[in-house]
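Scope of the values below: all heavy atoms of this structure, side chains included, with no hydrogens, waters or symmetry mates.
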Amino acid sequence: MRDIFATIEYLKEHIKAKDEFEIVELTHALGRIIFEDVLVKKNLPAFDNSALDGYALDYQDKDNLLKIKGSILAGDNEKYIIEKNECYKIMTGAKIPQNANTILMFEEALIENGKLNAKKAKQNNAIRFKGEEAKEGNFLFKKGTKITSGIVAMLAAQGIYKIKVIKKIQVGIFSSGNELVEPWEKANDDNIYNANAFGIYSILQDNAEVKYLGLIQDNINAFKEILKYEKIDLFISSGGASVGEADFSKQALIESGFVPIFEKVNAKLCKHVKLFNKKGILFLVLPGNPLASLISTHIFAKNILNLLYGQDLICFDTAKLANELKFKGQRNDFAFGKFTNGYFMPSKTKFGSGMIKPLYENSYIFISKEDELEISKGQEIKILRI
C-alpha cells in the first residue's frame with residue numbers, strides 16, 4: 001500500500017493526457033489549456049515608439065539648442081524626419097521619427113527662445129523598439145500552457161481572437177447512501193443532507209465540465225446504472241469506498257469491466273480511496289465522510305485532472321512552520337492551518353473525517369511523510385492550498 005506521495009507519482013504511469021481540442025474565443029479562454037504551440041504573428045511593439053510624453057531627438061545634438069518642428073501624436077501614420085539640431089514633441093505610443101534615438105521627458109526639458117535645451121537627455125532613453133517584446137515568427141506560448149489574464153491580453157495583441165484549447169474533461173459526480181437526501185429536500189431525524197457532492201463540484205468546477213448525476217441507492221444495480229452515462233471521462237462517487245457490507249463499489253466496477261489502478265492509500269482520511277480504469281474512462285471512489293471525501297478530492301481528483309490535461313502534478317507551496325507538530329508515524333497524517341507572512345500556522349482544533357468546519361476555517365494542509373514523527377518550529381515545509 002503506497003502513501004499519498006507515492007500514489008500520486010504512480011498516477012503518472014497510468015493516466016494518459018486527452019488529445020482532443022476545441023476552439024474558444026478569448027472571452028472564454030481564461031483558465032483553459034493551450035492545445036498547440038503558438039508563434040508570434042505580429043511584432044510587439046509593431047514599430048519603434050515613445051514610452052512617455054517628451055521630445056524625440058538625436059542624442060548627439062543634446063548640447064545644442066534644438067528647433068521644435070512640431071508634434072507627433074499616437075496613431076499618427078505620417079513619416080517624420082529630424083535633421084541636425086532638430087526635434088519633435090512626441091506623445092506616448094507615437095512613432096519615433098527617423099534619425100531620433102532618445103526621448104527627453106517634458107519634466108526635464110528647458111525651453112530657451114522657443115528652442116529645446118536637451119542637456120539632461122539620456123542615451124537611448126524611453127524608446128520601445130520594434131519587436132523587443134515579441135518578434136514575428138518567434139515562439140510565444142507552448143502547448144500545455146494554462147491561459148492567464150496576461151496571456152489573454154498577449155493573444156489579443158497578436159490579433160488572435162480564437163484559439164485551440166484542450167477539450168474540457170467531462171466529470172460526473174454522484175453520491176450513494178440510503179440515508180442521504182438532497183439539500184432542497186426535507187430531512188427527518190434519520191437523514192443526512194448530501195454535502196459531499198456539492199463540495200466536490202465546487203472544488204472541480206473551474207477545472208472541468210462537471211455534471212451532477214444525483215443520488216443513488218445502496219445497491220449494486222443502481223451503481224452499475226450510473227456507469228451508463230456517456231461522454232464522461234472521470235466518474236467520482238462519494239460513499240461506497242470502505243469495506244462495510246453496503247460498500248459494493250468495487251464489485252460493481254469489476255463486473256462492469258473496470259480494472260483497479262490503486263485501491264488503498266496509507267494515509268489518514270484517504271485510506272479507502274480507490275481509482276479504476278476502463279479503456280481510458282476513470283472512476284474515482286471517495287469516502288462518504290465529508291472531510292475525507294473533500295480532502296481526497298483536492299489531493300487525487302485535481303491531480304488526475306492535471307494529468308488528463310497534460311499538466312504537471314499540483315505544486316505545493318513552501319512555508320516555515322510556526323509551531324512544532326507531532327505525529328504517530330507509519331502513515332501520512334494531516335495538519336490544517338493558515339498561511340501568513342511565509343509561515344504555516346497549524347490549527348490546534350482536533351478534526352475527524354466526518355467534519356466540515358476544518359475546510360472553511362483553514363486554507364492549507366500539511367501532509368506528513370510516513371516516517372515523520374516530529375517537525376520543529378521554523379522548519380521549512382511544503383503545504384497544499386485547499
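- Under a 3.5 Å cut-off, the side chain of N289 and the backbone N or O of S353 do not form any donor-acceptor pair.
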Would you sort out whether N117 and E112 count as a side-chain hydrogen bond (donor to acceptor under 3.5 Å, both in side chains), showing the intermediate values? CA-CA 7 Å; N117 179 335; E112 298 180 11; 2.8 Å; yes

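- Counting only distance, with no hydrogens or angles, the side chain of Y193 and the backbone of E185 share a donor-acceptor pair below 3.5 Å.
- A salt bridge is defined here as a Lys NZ or Arg NE, NH1 or NH2 lying under 4.0 Å from an Asp or Glu carboxylate O, and R128 with D48 fails to meet this definition.
- For the residue pair N194 / Y212, a side-chain donor-acceptor distance below 3.5 Å is found, with atom types taken as modelled.
- A heavy-atom distance below 4.5 Å is found between the side chains of V210 and I173.
- Atom CE of M345 sits in a sparse spot, with 12 or fewer heavy atoms from other residues, nucleotides or ligands closer than 6.0 Å.
- In this structure, F327 has its ring center no closer than 6.0 Å to that of F334.
- When side chains are defined from C-beta on, I386 does not count as touching Y364, because their heavy atoms never get closer than 4.5 Å.
- Environment of CG in D63: crowded, with over 12 heavy atoms of neighbouring residues, nucleotides or ligands closer than 6.0 Å.
- Within 6.0 Å of the NE2 atom in H28, the count of heavy atoms belonging to other residues, nucleotides or ligands does not exceed 12.
- In terms of hydrophobic clustering, with Ile, Leu, Val, Met, Phe, Trp and Tyr side chains grouped at heavy-atom distances under 4.5 Å, W184 and L215 are assigned to a common cluster.
- A distance-only check finds a donor-acceptor pair linking the side chain of N196 to the backbone of G288 [under 3.5 Å].
- A ring pair (Phe, Tyr, Trp, His ring centres under 6.0 Å) with F300 is found for exactly one of F262, Y10, F5, namely F262.
- I200 and V181 fall into different hydrophobic clusters, where Ile, Leu, Val, Met, Phe, Trp and Tyr side chains are chained together by heavy-atom contacts under 4.5 Å.
- Using a 3.5 Å distance cut-off with no hydrogens or angles, the side chains of E25 and Y161 do pair a donor with an acceptor.
- Here the side chain of E132 pairs a donor or acceptor atom with the backbone of F129 at under 3.5 angstrom.
- Not a single donor-acceptor pair under 3.5 Å links the side chain of E133 to the backbone N or O of G131.
- For the residue pair N125 and T102, no side-chain donor N or O sits within less than 3.5 Å of a side-chain acceptor on the partner.
- Inter-residue side-chain proximity for R2 and V265 is flagged as unmet; no heavy-atom pair is nearer than 4.5 Å.
- Atoms CG and CG, on L313 and L307 in that order, are 5.0 Å from each other to the nearest 0.5 Å.
- For K369 and E372, the salt-bridge test fails: no basic side-chain N is under 4.0 Å from an acidic carboxylate O.
- Counting only N and O atoms by type, the side chains of N101 and D58 include a donor and acceptor under 3.5 Å apart.
- Looking only at atom types and distance, the side chain of N124 has no donor-acceptor partner in the side chain of Y59 under 3.5 Å away.
- With N362 as reference, F336 is the one residue of F336, F351, F339 to meet the side-chain contact (heavy atoms from CB on, under 4.5 Å) rule.
- For the atom pair M154 CE and T148 OG1, the distance stands at 10.5 Å (nearest 0.5 Å).
- We find that D317 and R385 are not joined by a salt bridge, their nearest charged nitrogen and carboxylate oxygen being 4.0 Å or further apart.
- Hydrophobic clustering, with ILVMFWY side chains joined whenever heavy atoms are under 4.5 angstrom apart, groups V152 together with V38.
- The aromatic ring centres of F235 and F283 sit less than 6.0 Å apart.
- Of the possible polar contacts, none joining the E255 side chain to the A252 backbone as a donor-acceptor pair under 3.5 Å is found.
- The side-chain heavy atoms of K115 and L66, taken from C-beta on, include no pair separated by under 4.5 Å.
- Separating the OG atom in S249 from the NZ atom in K224 is a distance of 13.0 Å, to the nearest 0.5 Å.
- Between I383 and F366, the closest side-chain pair of non-hydrogen atoms falls below 4.5 Å.
- In this structure a side-chain-to-backbone donor-acceptor pair under 3.5 Å is present from T92 to D53.
- The side-chain contact (heavy atoms from CB on, under 4.5 Å) test with I96 is passed by exactly one of I72, I82, I103: I103.
- Among I15, L305, L11, I169, the single residue meeting the side-chain contact (heavy atoms from CB on, under 4.5 Å) criterion with L282 is I15.
- Here S256 contributes atom OG and I226 contributes atom CD1; the two are 12.0 Å apart, rounded to the nearest 0.5 Å.
- Less than 6.0 angstrom separates the ring centroid of F174 from the ring centroid of F223.
- For the pair E136 and K42, the salt-bridge criterion is not met [side-chain N within less than 4.0 Å of a carboxylate O].
- With 3.5 Å as the limit, one finds a donor-acceptor pair spanning the side chains of N191 and N188.
- Although no hydrogens or angles enter the test, the distance criterion places a donor-acceptor pair under 3.5 Å between the side chain of N303 and the main chain of I314.
- Other residues, nucleotides and ligands place no more than 12 heavy atoms under 6.0 Å from the NZ atom of K16.
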Verdict with reasoning, F258 to F276, per ring-ring contact (aromatic ring centres under 6.0 Å, His included): CA-CA 6 Å; F258 282 81; F276 292 78; 7.2 Å; no

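- Distance CD1/I4 to CD1/I299: 4.0 Å, rounded to 0.5 Å.
- Crowding of Y343 atom OH: a count of heavy atoms from other residues, nucleotides or ligands under 6.0 Å not exceeding 12.
- There is no side-chain donor-acceptor pair under 3.5 Å between D3 and N266.
- You'll find the side chain of K146 reaches within 4.5 Å of the side chain of N207, heavy atoms only.
- With hydrophobic clusters built from ILVMFWY side chains whose heavy atoms lie under 4.5 angstrom apart, L155 does not share a cluster with L39.
- K167 has no carboxylate O lying under 4.0 Å from a charged side-chain N of E22, or vice versa, which leaves the two without a salt bridge.
- Using a 4.5 Å heavy-atom threshold, the side chains of Q251 and I220 count as touching.
- Checked by atom type and distance alone, the side chain of K119 never pairs as donor or acceptor with a backbone atom of A109 at under 3.5 Å.
- With no hydrogens or angles considered, no side-chain donor-acceptor pair links N332 and S368 at under 3.5 Å.
- Among residues at least two apart or in separate chains, salt bridge (charged side-chain N to carboxylate O under 4.0 Å, His left out) pairs with a member in residues 97-109 are E108-K122.
- Panel note: side chain Y80, backbone Q98; no donor-acceptor pair is recorded below 3.5 Å.
- For Q379, the CD atom is densely surrounded, since the number of other residues' heavy atoms within 6.0 Å is greater than 12.
- Within the 4.5 Å cutoff, the side chain of L286 has heavy atoms near those of the I236 side chain.
- Using a 3.5 Å distance cut-off with no hydrogens or angles, the side chains of K382 and T318 do pair a donor with an acceptor.
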